[in-house]
Amino acid sequence: MKFLNKIVSFYYREYKLNLSGLQDILTNIIFFFISIFIFIFSIGPDRETISLIGVGILWTLLLLSSTLSLRKFYQDDFENGNLLITHLNGFSFGFIAILKTFSHFLFVQIPFLLSIPIACILLNIVNDKLIYLFISFSIGSLILSCLGSISSSMNLMNQRNFLLGSVIVMIFSIPVIIFSVGIINMEENFNSLINILFGILLIVFAINPWASGLCLKLSLENN
Amino acid sequence: MKFLNKIVSFYYREYKLNLSGLQDILTNIIFFFISIFIFIFSIGPDRETISLIGVGILWTLLLLSSTLSLRKFYQDDFENGNLLITHLNGFSFGFIAILKTFSHFLFVQIPFLLSIPIACILLNIVNDKLIYLFISFSIGSLILSCLGSISSSMNLMNQRNFLLGSVIVMIFSIPVIIFSVGIINMEENFNSLINILFGILLIVFAINPWASGLCLKLSLENN
Amino acid sequence: MILVKDLSIERSNKTIFNNVNLSLGSGNIILLKGKNGSGKTTLLKTIVNIIDPSSGSIYWKGKPLKKNLYDFYNHTTYIADKTSSLSKLTVQDNIKIWKKIFLSKINNSQIESILKTLKLDNYLNQKVSSLSFGETKKLEFLRLIIEDKKIWILDEPLSSLDDESIDIIGQTFQDHRSKEGSIIFSSHQNSDIGVTEEIRL
Amino acid sequence: MILVKDLSIERSNKTIFNNVNLSLGSGNIILLKGKNGSGKTTLLKTIVNIIDPSSGSIYWKGKPLKKNLYDFYNHTTYIADKTSSLSKLTVQDNIKIWKKIFLSKINNSQIESILKTLKLDNYLNQKVSSLSFGETKKLEFLRLIIEDKKIWILDEPLSSLDDESIDIIGQTFQDHRSKEGSIIFSSHQNSDIGVTEEIRL
Amino acid sequence: MMFLINPNKFNKAADFLIKPILVLSIILFSLGLLFSFYLSPEDYQQGSTVRIMYVHVPSAWLALLTYAIMTLYSIAALAFRIPFGFIINTAVAPIGGIFTLICIISGSFWGKPMWGTWWVWDARLTSVAILFIIYLVIIFMNLSFENRVVREKVVAIFVLVGSINLPIVKFSVDWWNTLHQPATISKLSKPNIDPSMMIPLIIMTFAFAMIGLVIAILRIKTEIISRKSNLG
Ligand code: HEM
Ligand SMILES: Nc1ncnc2c1ncn2[C@@H]1O[C@H](COP(=O)(O)OP(=O)(O)OP(=O)(O)O)[C@@H](O)[C@H]1O
Ligand SMILES: Nc1ncnc2c1ncn2[C@@H]1O[C@H](COP(=O)(O)OP(=O)(O)OP(=O)(O)O)[C@@H](O)[C@H]1O
Ligand SMILES: [Mg+2]
Ligand SMILES: [Mg+2]
């Protein structure tokens with residue numbers, strides 16, 4: 001009970017923090033929409049092509065904008081000592097990683113997921129695909145959050161080369177992207193593909209607390 | 001002479017900060033190419049489609065990279081007091097803004113511009129467009145640097161209305177980019193279009209030191 | 001309750017200190033002294049298990065610390081030499097957040113009275129980033145009251161404070177001691193704050 | 001050389017201080033004292049023209065400061081209450097950068113000897129982020145030597161330093177004074193560091 | 001064979017072997033150049049551009065081989081706690097990266113006359129490009145992580161995960177219908193390639209391998225030294 005309460009208050013804190021960083025989220029979303037406009041303009045008014053590549057574009061933009069927010073993942077908490085406080089407050093580093101991953105999903109990815117319907121209208125993606133899109137996007141963005149957690153905790157130990165973490169995330173997300181784009185275009189065996197995606201999610205989800213936790217501990221030790 | 005020397009050492013410092021060597025520039029470039037890969041993976045290997053949206057992809061990535069680095073623009077220097085030191089070292093705030101904008105252009109945008117020719121090979125963009133592309137990209141990225149300077153200096157003030165302001169500045173980049181994307185596809189009146197782009201550059205370039213300088217001064221005052 | 005035995009620490013192959021022993025019982029106030037770079041912060045961090053010692057061991061209630069870590073954390077407040085309040089939020093918001101995350105049972109009037117003694121009551125709606133250095137530091141001490149733990153581990157709590165505030169902190173230390181609490185803190189200053197033991201590094 | 005006349009400052013409609021007067025001539029060492037939040041940092045920031053005063057004026061060499069700002073900056077080193085060294089870089093890199101940006105004519109052997117007296121010579125290749133709090137603070141003082149200016153404006157230079165380092169700083173202050181330099185600094189501590197005037201806020 | 005997993009033994013073996021290998025590599029390389037530029041025939045379809053093959057194919061093979069070696073050593077290092085594996089990873093990655101780069105560049109120069117473009121997004125080319133990026137990331141990880149113990153583990157894990165890409169590179173031509181030349185030599189029983197091209201190819205492959213080996217030995221030796229003095 002006490003533990004549950006602590007988790008709730010953890011999210012209260014995250015909420016307060018993210019709200020004050022509203023600008024970052026807005027910047028991400030604006031980036032997202034500007035990019036969509038860019039594509040629409042560069043392709044021209046040919047609606048066929050747009051809807052053909054729309055899903056791919058959405059996926060790429062999802063990935064890119066989650067790299068945009070990677071720096072926020074642990075960096076701030078690490079620098080102002082709140083990572084340590086949270087640990088001393090009774091959360092193991094692995095568990096902090098899980099909490100933070102969800103928080104990233106909640107406060108960064110969800111706003112995106114919500115803007116997907118609008119993006120679909122712009123990109124002329126037919127309505128009956130929307131539900132597939134949504135499911136695959138939710139799973140995919142959770143995967144991205146997990147990968148992001150790992151790479152940005154690694155980045156704490158490597159304060160010089162910030163982009164390296166993002167590059168690693170992106171390499172690992174290539175298979176995810178291939179599968180997820182495939183899902184939309186192969187409606188018949190939707191289920192088996194989504195299962196694969198789900199499998200990937202489970203794997204990264206299991207690795208995440210272990211890997212991120214280790215990196216967090218080491219980076220605090222060396223600070 | 002002394003002043004010139006100081007400018008040189010300003011860039012020495014920026015260099016040390018931004019790039020702890022060649023590897024950082026290279027990581028930047030890798031990031032760029034991986035993003036291209038991801039686009040290709042999600043869109044599919046069809047050469048026609050790729051060359052159709054190739055320019056769009058490049059612009060999106062340019063936008064992404066400058067959004068990614070927005071936070072580095074003034075935030076770090078502001079927080080660790082180096083903004084103040086630079087000012088006390090004899091640079092007015094407006095001039096600091098100019099220097100910083102160029103530094104952003106140098107260390108963030110230039111690596112991109114340099115990798116554009118290779119990217120064009122990968123994206124199957126025909127050679128004779130390359131020169132147009134290059135010109136419009138150079139101007140466009142300078143515009144983005146100026147807008148980035150304004151918006152991230154506004155962001156320093158950390159007050160709700162200014163947060164919104166910085167987002168609005170971001171929105172200004174929409175017409176610029178859309179316009180520049182258009183340039184490539186309208187080769188006939190390239191010259192007149194590039195002149196318009198150049199005009200926009202001059203305007204933001206003139207506003208930048210004034211607006212950013214003011215924001216920097218105010219944010220230091222209220223810190 | 002805390003027992004440190006023959007603790008040695010190396011970092012990047014440099015020995016920082018060797019064979020430190022200390023024991024912190026209830027009602028003790030231990031002052032760590034030493035030159036800059038002598039390893040005070042390192043020692044305190046080792047006690048809260050952020051840094052692994054090269055040799056030696058730490059016990060909590062007779063058991064090795066690592067075995068019993070979260071129970072130890074449950075009884076400990078650690079305040080580092082940097083402040084942890086969120087500078088973008090107001091003082092009030094920070095207090096609210098602390099109250100939530102530490103599941104504090106302190107009621108508001110108590111907090112108000114403490115804020116008043118610390119002279120922070122006028123700044124409730126001010127952003128932490130615009131507080132003076134000392135005020136941020138004093139704000140940090142609120143955590144001691146909000147967390148309400150037995151053991152306080154404080155890194156340079158007295159630096160940058162005016163004499164009046166130091167007296168208030170000293171008062172708080174004595175209160176805590178009379179409630180069987182224990183404190184270990186580092187400082188460069190000599191103030192008579194009721195220290196029961198002094199350890200030099 | 002610096003003359004502050006009837007300076008008052010308000011922030012967010014709160015008066016922080018009223019009618020402060022001071023004059024800093026060559027060879028003067030002024031100590032600012034006052035409680036936490038009394039406005040010491042604010043006063044120093046006003047003197048270096050980061051904060052605009054609500055009323056009153058500041059003169060530099062007889063002329064209003066604003067008219068003559070960059071000449072003033074040319075003669076002034078300001079060290080704030082936060083450190084400005086870049087924590088990702090090593091001590092050596094930081095020194096190198098400072099030497100470049102301040103166009104310093106100090107040669108390396110001089111810097112080495114200062115590093116030795118400050119006991120920082122062993123840390124040249126260590127990242128600033130892994131230095132102890134006091135060591136970072138001492139590193140900051142190198143700027144005084146590297147910049148080599150007439151007027152030093154220092155915000156709480158003595159906090160978190162051990163007695164030995166404080167003595168060294170005191171020595172440096174006296175040296176500077178004998179070279180007709182002037183210093184204004186704030187502190188909560190009472191150390192006999194050769195202060196010529198004390199101002200209470 | 002202990003010299004393959006023990007730094008000290010490796011050092012001794014390397015001191016003994018390095019000169020012969022160096023000599024051998026010089027001989028093989030000049031021989032290979034001679035063969036591929038003067039003694040081998042032009043292809044009736046491709047003309048003299050076929051000579052690119054003698055650079056392209058060996059470098060491609062060695063790029064793959066290097067990664068395979070790194071994978072094996074990563075397994076050894078992680079599963080059997082043989083720290084020599086970490087040394088190999090650090091030392092050998094740049095060599096593999098350079099081979100991959102040579103493969104890509106020579107392939108592009110070959111592709112321009114053959115396919116009409118420098119680059120197409122077919123499965124083999126894409127997977128090789130990813131291989132190159134994986135090499136680069138490994139190199140940069142080695143350069144930029146500060147904590148050596150963590151860095152080595154992270155790199156080794158990354159090498160292992162990245163090895164999924166290896167079979168994709170190798171078999172992409174069989175699995176998918178691609179533009180790229182299918183394997184010709186792998187069918188050992190009956191190579192459908194002319195012996196006059198086969199000989200220079202094999203000589204060049206060995207020459208490349210020997211050159212790579214010389215650089216690798218030197219890099220491994222410096223790596224061992226820097227680990228001992230704890231500089232890295
Ligand atoms: C940038 C473009 C290219 C890349 C990245 C590339 C990559 C590779 C790789 C990785 C291999 C080794 C495959 C294996 O061991 O089975 C290979 C072999 C080969 N490549 Fe390429 N290649 C490229 C372009 C070309 C072109 C344009 C041609 C000629 C039309 C070509 C002809 C060959 C041949 C004949 C082999 C030997 C196949 C064998 O005998 O197994 N490649 N290439
Ligand atoms: N990661 C590290 N690598 C190498 N040396 C380190 C590392 N972290 C700390 N040190 C060194 O350990 C020593 C002890 O540091 P510590 O912060 O414990 O000192 P301290 O007693 O708290 O000093 P102060 O009074 O200045 O706060 C310092 O000399 C510091 O440079
Ligand atoms: N932007 C602001 N808005 C409102 N009040 C402010 C602002 N900035 C500073 N203050 C207030 O001004 C007062 C003076 O702050 P200052 O930092 O000058 O104090 P100080 O004398 O340096 O204290 P310390 O000894 O703690 O460093 C503080 O009470 C602070 O809360
Ligand atoms: Mg300390
Ligand atoms: Mg102050």
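Each chain gets a letter, A, B and so on, in the order the sequences are listed, and its residues count up from 1. Atoms considered below: every heavy atom in the structure, side chains included; atoms not considered: hydrogens, waters and symmetry mates. Here the structure is a predicted model, which is why all the values come from computation and not from measurement.
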| query | Are D:Tyr73 and B:His87 side-chain neighbours, meaning at least one heavy-atom pair lies under 4.5 Å? | reply | yes
| request: May I ask you to name which of D:Asp71, D:Asn74, D:Asp52 has the most heavy-atom pairs under 4.5 Å with chain B? | output: D:Asp52
| query | Side chain of B:Asn80, backbone of D:Thr83: donor and acceptor closer than 3.5 Å? | reply | no
| query | Say you draw a straight line from CG of B:Leu88 to NZ of D:Lys149; how long is it, rounded to the nearest 0.5 Å? | reply | 8.0 Å
| request: Could you tell me which portion of B:Thr86 (side chain, backbone, both or neither) has an atom closer than 4.5 angstrom to a non-hydrogen atom of chain D? | output: neither
| Within a strict 4.5 Å, meaning less than it, do heavy atoms of the D:Arg11 and B:Glu221 side chains meet? | yes
| note | Under 4.5 Å to a heavy atom of chain B? For D:Ile51 that would be both
| Would you say D:Lys35 has more than 12 foreign heavy atoms packed within less than 6.0 Å of its NZ? | no
| query | With side chains defined as the heavy atoms from C-beta onward, is the minimum distance between D:Leu86 and B:Asn82 less than 4.5 Å? | reply | yes
| message | Surrounding OH of B:Tyr12 (heavy atoms of other residues, nucleotides or ligands, distance under 6.0 Å), is the total greater than 12? | response | yes
| task | Evaluate whether atom CZ of B:Phe95 has more than 12 neighbouring non-hydrogen atoms of other residues, nucleotides or ligands under 6.0 angstrom away. | result | yes
| Is the backbone N or O of D:Ile101 less than 3.5 Å from a side-chain atom of B:Asn89, with the two atoms forming a donor-acceptor pair by type? | yes
| message | Could you go through D:Asp93 and B:Arg13, starting from their C-alpha distance and side-chain angles, then the distance that decides it, and tell me whether this counts as side chain to side chain contact (heavy atoms under 4.5 Å, CB included)? | response | CA-CA 10 Å; D:Asp93 280 343; B:Arg13 185 178 149 278; over 6 Å; no
| field | Residue D:Gln171 excluded, over 12 heavy atoms near CD under 6.0 Å | value | no
| task | Assess whether atom NZ of D:Lys61 is packed by more than 12 heavy atoms of other residues, nucleotides or ligands within 6.0 Å. | result | yes
| remark: Honestly, the part of B:Ile7 sitting under 4.5 Å from a heavy atom of chain D is neither
| query | Taking every heavy-atom pair that is under 4.5 Å apart, which of B:Leu220, B:Asn5, B:Ile85 has the most such pairs with chain D? | reply | B:Ile85
| query | So do the side chains of D:Asn94 and B:Lys16 get within less than 4.5 Å of each other, counting heavy atoms only? | reply | no
| request: Answer yes or no: are there more than 12 heavy-atom neighbours, outside D:Lys105 itself, under 6.0 Å from its atom NZ? | output: no
| query | Under 4.5 Å between any side-chain heavy atoms of D:Phe102 and B:Ser9, yes or no? | reply | no
| What option among D:Lys99, D:Lys45, D:Arg143 has the most heavy-atom pairs under 4.5 Å with chain B? | D:Arg143
| message | Taking NZ in D:Lys137 as the centre, count heavy atoms belonging to other residues, nucleotides or ligands within less than 6.0 Å. Is the count above 12? | response | yes
| query | Can you pull the ring-ring contact (aromatic ring centres under 6.0 Å, His included) pairs that have at least one residue in residues 116-154 of chain D, sequence neighbours excluded? | reply | D:Trp152-D:His176
| request: Assess whether atom CZ of B:Phe172 is packed by more than 12 heavy atoms of other residues, nucleotides or ligands within 6.0 Å. | output: no
